[in-house]
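Quick notes on the structure that follows.
Chain letters run A, B, ... following the sequence lines, proteins first, then strands; residues in each count from 1.
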Amino acid sequence: MTTPHATPRATTEGTVYTVTGGDWDEVVESALKADDERIIVNMGPQHPSTHGVLRLILEIDGETVTEARCGIGYLHTGIEKNLEFRNWTQGTTFVTRMDYLTPFFNEAAYCLGVEKLLGIEDQIPDRATVLRVLLMELNRISSHLVCIATGGMELGATTIMIYGFRDRELVLDLFELITGLRMNHAFIRPGGLAQDLPRARSTSCASSSGP
Amino acid sequence: MSDELNTNSGQVPAPRDETGEVIGVRKGMFGASSGGDTSGYGGLVRTVTLPGPTARPYGGWFDEVADELEGALEEQDLLPAEAIEKTVVDRGELTFHIAREHLVRVARTLRDDPALRFELCTGVSGVHFPGDVGRELHAVYHLRSLTHGRLIRLEVSAPDSDPHIPSLVAVYPTNDWHERETYDFFGLVFDGHPALTRIMMPDDWQGFPQRKDYPLGGIPVEYKGAQIPAPDQRRSYS
Amino acid sequence: MKKNLPEYDKLATGNPIFKARMQDVGYLDLAGCVALGATGPVLRSAGLPHDLRKSDPYCGYETYEFDVPTADTCDSYGRFLIRLEEMRQSLRIIEQCLDRLEPGPVMVADKKIAWPAQLALGPDGLGNSLDHIRKIMGTSMEALIHHFKLVTEGFRVPAGQTYTAIESPKGELGAHVVSDGGTRPYRVHFRDPSFTNLQAMAAMCEGGQVADVIVAVASIDPVMGGVDR
């Protein structure tokens, strides 16, 4: 089977296919023809400094970047298509996993959309709304902590990484107490929340965030 | 399907007529496509329609925006009736269905006209309606006005046989990757896009995954001796 | 947590190495941000105090008191400072939330939509609470039918489409939901902030140095799960 961009080559171990995609051929050709010292560096999908599987294609002239491109799609899981085959409530479980550092925001956006379609926006109980805001703000803190922590680590400062993740543990412990999970909680459902707070909740939260 | 009257602040809008776009037909009590219908209501046939065009007044600030847009288009010698196919006000949101030939000019007007000033486009979303023959592929743009604090929707359709829509990258550069993604998943070709290639799927993938005629994929799962098929091949009762 | 946040200030904010590496790196001014659709800390670092919690409030955000931090340096350092400040504002909001919690239901009252069961820890692990099971098996036929139909089939949503946007830590997260009147979403598309903000990476990095690319990408804070979905 050959696709337009896969060229087979017979070796001692069977056929080896060289697969190139998109306009990579043209990029390489034009780089070969260029006179100056331009290198194309592929900061490939797996690299500790790129936030996840991000492919950065950089044309470098010395130390200066002349052209930068992103290759994405390595983490595509087909969530949007999968949602078409699930219930509205089961959708929460999928949607939660999109931006895994901020699951409550994904769920909230989805559930607010579904509630708008249902027309029950005014009937959501106040307690559910307040708890949604509480969870979302806690999630904002944990997401910013990860950003600062990984940002610092990419600059080379590993201490800040430890600080960030240590503080994030406080927030994740709260999430575990409320929802049962540290990440990807399918907690905000269309219509409200999956469950109420456990009794020891408010005091624990106040002491974690307090002085 | 319920037919809501929008009670925005301001005028109460006129009731809507039911001639929305037909997106499917549901048979039987639950609309199940497989399995026998034992409910006794097997002979029911209902067409599913999206909310139809709304008559003026729309309510709230929608009228203002619609008037401004029509006025601005007339100034450019573009008949609003040709460019705007229909206007739908549903669930507190304003949607303009635009004819695809005039999309770029309408978008530029929306961006530049001082009373409209929809500077931020939040991207393209594609929807595939196989039941709406002749207008199967829809591209939906949401425009946000930072100066006025408003949000509207533009919807453009293209038939399956000619899936071309002009690209809005010249007007809103943010649509670059969004149009690539919509092309990748639906096969909607955006004419005038600087580099329309696949973005999420591997570069040499054949087929357009998020269309309704593309299977979900997935292998059957074996569980305690039984095989559970992939989600799109399971029995569904609705 | 409040006592831990000043540690970041001591360690990072005043640190000359931090500042040297992050100031004037990843520059994207206001016109660039709006044209490229960047929202969130990237847009706020260009000086525009645009926050969906203030401009288009949802979930009762208009009743909370908090500030929207901005910076006018348009670079990574500004974004870093904005994020630190946003954490402090979030703590403020959380305190206000805790003051407002009143006992009450947490699910909508309409039994045709509300998720039926409450989870409880039983002898064999987490499952439906025994009270609920006793009720649906013993007393109420309607409750049993509701539970069964809602869990297996789900509720039906009237046909139409909607777009809801919220302010996530990365920017504007929008959900475009289309329903065809059935029990399954017809099409859900997420406008993910990381996806759109990452497009701005090319504009930020070209002309700079390789190490600055990393700093710029870190300041955009893309989360690949959101970018790729």
Practice task
Determine whether C:Val178 and C:Asp180 make a side-chain contact, defined as any pair of heavy atoms from C-beta on separated by less than 4.5 Å.
Solution key: no
Exercise for the section: Compare all side-chain heavy atoms of C:Leu173 with those of A:Thr102 and state whether any distance is below 4.5 angstrom. Expected result: no
Which residue out of [options] racks up the most heavy-atom pairs below 4.5 Å with chain A?
options	answer
C:Pro185, C:Ala218, C:Cys97	C:Pro185
C:Gly154, C:Pro169, C:Gly182	C:Pro169
C:Cys59, C:Pro193, C:Gly174, C:Cys205	C:Cys59
C:Gly60, C:Gly208, C:Ala165, C:Gly226	C:Gly208
C:Arg100, C:Arg53, C:Arg79, C:Arg187	C:Arg53
C:Val177, C:Leu198, C:Leu84, C:Thr162	C:Thr162

With only heavy atoms counted, which part of [X] is less than 4.5 Å from chain A, the side chain, the backbone, both or neither?
X	answer
C:Tyr163	backbone
C:Arg88	neither
C:Ile166	side chain
C:Val210	both
C:Phe190	both
C:Glu167	both
C:Thr63	neither

Who among [options] has the most heavy-atom pairs with chain C under 4.5 Å?
options	result
A:Glu84, A:Lys81, A:Glu67	A:Glu84
A:Arg166, A:His76, A:Glu80	A:Glu80
A:Thr150, A:Leu112, A:Val41, A:Thr129	A:Leu112
A:Ser143, A:Gly151, A:Gly152	A:Ser143

Judged by modelled atom types alone, do [X] and [Y] share a side-chain donor-acceptor pair under 3.5 Å?
X	Y	result
A:Asn139	A:Ser142	yes
A:Arg189	A:Thr92	no
C:Gln89	C:Tyr64	no
A:Arg97	A:Thr77	no

Problem - Residue part contacting chain C, namely of A:Asp126, when any heavy atom lies under 4.5 Å - result: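 No part of it gets close to chain C.
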Completion exercise
If one checks every heavy atom of A:Val95 against chain C at 4.5 Å, the contacting part turns out to be side chain
Handout entry: Single hit among C:Asp192, C:Val42, C:Val217 for side chain to side chain contact (heavy atoms under 4.5 Å, CB included) with C:Asn197
Key =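 By the side chain to side chain contact (heavy atoms under 4.5 Å, CB included) criterion, C:Asn197 pairs with just one of C:Asp192, C:Val42, C:Val217: C:Val42.
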Fill in the blank from the handout: Sorted by chain and number, sequence neighbours left out, side chain to side chain donor-acceptor pair (under 3.5 Å) with A:Arg132 holds for A:Glu115
Practice task
Can you sort out the partners of A:Glu169 under side chain to side chain donor-acceptor pair (under 3.5 Å), two or more places apart, ordered by chain and number?
Solution key: A:Arg182
Problem - Presence of salt bridge, A:Glu137 and A:Arg140, under 4.0 angstrom - result: yes
Practice task
May I ask you to say whether C:Glu172 pairs ionically with C:Arg191, meaning some side-chain N is under 4.0 Å from a carboxylate O?
Solution key: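 No, C:Glu172 and C:Arg191 are not salt-bridged.
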Problem - Shortest non-hydrogen contact between C:Pro222 and C:Val227, atoms and distance - result: CB-CG2, 4.3 Å
